[in-house]
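In each ligand, atom 1 is the first atom listed, and ligand 1 is the first ligand listed.
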Amino acid sequence: MSADKANRRLQYLQAMGIQPWQLRRSVAAEAISAAQTPAGAVDAEPDEAVEAAKSRWSELRARVETCTACELHRSRTQTVFGVGACNASWMVIGEAPGASEDQQGEPFVGRAGQLLNEMLRAIGLQREEVFIANILKCRPPQNRDPAGAEVEACAGFLQSQVQWVNPEVILAVGRVAAQNLLKTDAPLGGLRGKVHRYGDIPLVVVYHPAYLLRSPLEKRKAWEDLCLAQQVISRQQADQIPRG
Ligand code: SF4
């Protein structure tokens, strides 16, 4: 890693509220992190494949925008489809839009979104390089937890997004996202710190940035979980390196 990049990372860690002395990663992980596929890699695909991918994403977005499959369509300002690189190595999945997301039509905005951006930058990623989505595409009133029927009604949209992005790792952000993706009632504290699976895709659970804003002492654990996810990616990429 260049000195500039290392300095920027220290600044991002400090912005997250983590002391720089905690920054310790393996040389191998750094090297593989630097070699990650850029978000624009889709440009290298044949035109037809790119057009087909654009078309199916547009169709899915249109289906979400007009969806009335659960009661949440009545109270939403707009749907929140998801943003980011459709060929991303990292997929971030949260719970549901909040008030700001409902207004702006984008997941993880506001203070929690800014902290998520800092967390991503701390591991060398720009927000545009990952794909960010939620379990639900419409805001539950008063930000209550999603109801089971709502999750079920909305599940197909997220499943398509995960299938098409086909990330190397999923970050399940917060308790509700983790419990729904892993089909468990286990508390978040028992789910973090491990590598789970969502289908074939490794999944790491991390505290929600809104919680970290209220509980800054937990940021160290969030950093550990981000490093765990980075290790998952590094291991997969190392496995793909041809051996002579
Ligand atoms: Fe449709 Fe999902 Fe919105 Fe419910 S939350 S109306 S299932 S898009």
Distance filter under 4.0 Å to Arg76 heavy atoms, resulting ligand 1 atoms:
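Per the distance check, 3 (Fe), 6 (S).
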Can you list the ligand 1 atoms lying under 4.0 Å from a non-hydrogen atom of Phe157?
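With Phe157 as reference, the close atoms of ligand 1 come out as 8 (S).
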Cationic N near anionic O, under 4.0 Å, Lys221 to Glu218
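Counted as a salt bridge, because a side-chain N and a carboxylate O are separated by less than 4.0 Å.
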Pair Trp164, Leu60 - check side chain to side chain contact (heavy atoms under 4.5 Å, CB included), show working.
CA-CA 11 Å; Trp164 296 346; Leu60 186 68; 3.7 Å; yes
Ignoring water, what protein N, O or S atoms are under 2.8 Å from atom 4 (Fe) of ligand 1?
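The answer is Cys70 SG.
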Test log, rule side-chain hydrogen bond (donor to acceptor under 3.5 Å, both in side chains), inputs Lys137 and Gln78:
CA-CA 9 Å; Lys137 311 306 184 196; Gln78 59 189 313; over 6 Å; no
Minimum side-chain heavy-atom gap Val83-Pro107 below 4.5 Å:
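Yes - at least one pair of side-chain heavy atoms lies under 4.5 Å apart.
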I'd like to know whether Arg121 forms a side-chain hydrogen bond (donor to acceptor under 3.5 Å, both in side chains) with Asn117, so could you lay out the CA-CA distance, the side-chain angles of the two residues, the decisive distance to 0.1 Å, and finally the verdict.
CA-CA 6 Å; Arg121 288 191 195 114; Asn117 295 347; 5.8 Å; no
So, Asp102 side chain and Pro97 main chain: donor-acceptor pair closer than 3.5 Å or not?
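Side chain of Asp102 to backbone of Pro97, a donor-acceptor pair under 3.5 Å: no, none is there.
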Do Phe131 and Trp57 have ring centres separated by under 6.0 Å?
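Under 6.0 Å, so yes.
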